[in-house]
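One-based numbering, in listed order, for ligands and for the atoms of each. Side-chain atoms are counted along with the backbone in the values below, which use heavy atoms only and exclude waters and symmetry mates.
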Amino acid sequence: MRFKSFLHYLHFRFKRKGDYWRTLLEQISYENMPLEELRRIQFEKTKRLLIHAYENVPFYRKKFDAAGFNPYKFKSMKQYSSVPVTTKEELRNAGHEQTKAKGIPADRFVSDKTAGSTGKPLFFFKDSAFEVSEACALLREHLRAGVSIGDPCVILRGNPPKGLKQGLFHSTYFYSTKKFEEEKLLDFLSFLKQKRIQIIDGFPSFLAAVAKKMREKGVKLKTKAILAGGEMLFPEQRKLIQEAFSSEVFDRYGAAEGMGIAMECNLHNGLHYDPTRFVVEVLDEKSHETLVDKEGVVCLTNLENYAMPFIRYLMNDRAVLHSGRCSCGLEFPLMSSVKGRVLDALWTRSGKLLDFNMLDPYEHYDMLDGFQMVLRKDGTIEARIVPLGNPEQVKRAVEKELREYLDSSIKLLVKAVDSIPPDRTGKRPCVVVER
Ligand SMILES: [Zn+2]
């Protein structure tokens, strides 16, 4: 073990008086548990959360009452489908006064927001206890992918993820994809070598674009594992990435609401999710009937966020929940790769990598009520905005922001509109690529 990796391990071992370490060991113990036992823990945690939400969150009290759902009479997961579903719009419209839990110490609220990959963002709160659990679950996924604690890891994003710490005790690095150019490819590869990166975490479209360039230039590199998430991972992309980095690629599913939900095992039969942390369902889009082995919309409950509960929360993603078990030995249930959020990373003619994942127009200003980027066939980028306030002022601010990402050879057109029309599926994706 390298010295820095050892420091990272030590730091994690004793972080928050051993809180992290205890949580990690507990989570690892679930990996060897039979499904019935996991389901029992899931039921207990669900019941506790439902009662907490009813007693402390006005939004859920009203919702449960209106639906005639009584959490005190919740006796088994068979009754779970009678818990009313919640949408992002409902949570946003209700406001924090209604959706934040009472009786939770202020220091447990960690504010966050969803990235703008579809529609408008949601500003929400995470429970600090959930943050601990989330960090441990991520580490557990790394371990499952064959990486050791303290092995250097790089996270590729436009902006650094919230809460990511860098320094002597940390071997997780952040690398900005914001201004990624062809000439910088070699810098990036030497960064990976210099830091002896063993695990890369990034969006499939970005990783695939880099891998393609590596193939063109005849460069290869070896890492232990690649975690690809945030959008759909196509088989072609997986192959490309796998070859360029001589490394196994693991598909991951995470929600914009700050939750890492599921990841493939090394048999790649689907993505496993931990039923002691989440309840994952797939529902029929219209009737909200529960579907198994059939594609529908993902609906989930985060069993660990008490600060602002997400209960039977409808996601914008489509997937299949599998009834079959995986032969890898892990009894965590399986879901398919998520179908949705197909974004693109493209190399422009001048050799700049455009990664639409990193375009988050809501990051810097609260002057928008809607946003959509359209990449036209002729290469022009049309940014449609629904401005709040002075349209000319908003247009100028958006243009300035986008120019930071786009080089001058790209034609940019910022257009103020009254609303963003939904596509065929009823969604309002942030990025549309005309083909
Ligand atoms: Zn498996």
Protein N/O/S atoms under 2.8 Å from the Zn ion (ligand 1): how many?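 For the Zn ion (ligand 1), the figure is 4.
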Step-by-step side chain to side chain contact (heavy atoms under 4.5 Å, CB included) determination, Lys45 to Arg48: CA-CA 5 Å; Lys45 285 178 86 168; Arg48 224 180 103 206; 5.5 Å; no
Which residues share a side chain to side chain donor-acceptor pair (under 3.5 Å) with Ser323, sequence neighbours left out: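 Here the qualifying residues are Asp293.
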Counting only heavy atoms not in Lys220 (residues, nucleotides, ligands), do more than 12 fall under 6.0 Å from its NZ?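 Count not over threshold, so no.
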Among Arg144, Arg39, Arg140, salt bridge (Lys or Arg N to Asp or Glu O under 4.0 Å) partner for Asp274: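 Looking at Arg144, Arg39, Arg140, the match for Asp274 under the salt bridge (Lys or Arg N to Asp or Glu O under 4.0 Å) is Arg140.
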Measure up the Tyr313 and Phe310 rings against each other and bin them: parallel (under 30°), tilted (30 to 60°), perpendicular (over 60°).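 Rings of Tyr313 and Phe310: perpendicular, over 60°.
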Identify whether the distance between the nearest side-chain nitrogen and carboxylate oxygen of Glu55 and Lys102 falls below 4.0 Å.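 Here Glu55 does not pair with Lys102 in a salt bridge, since their nearest N and O are not under 4.0 Å apart.
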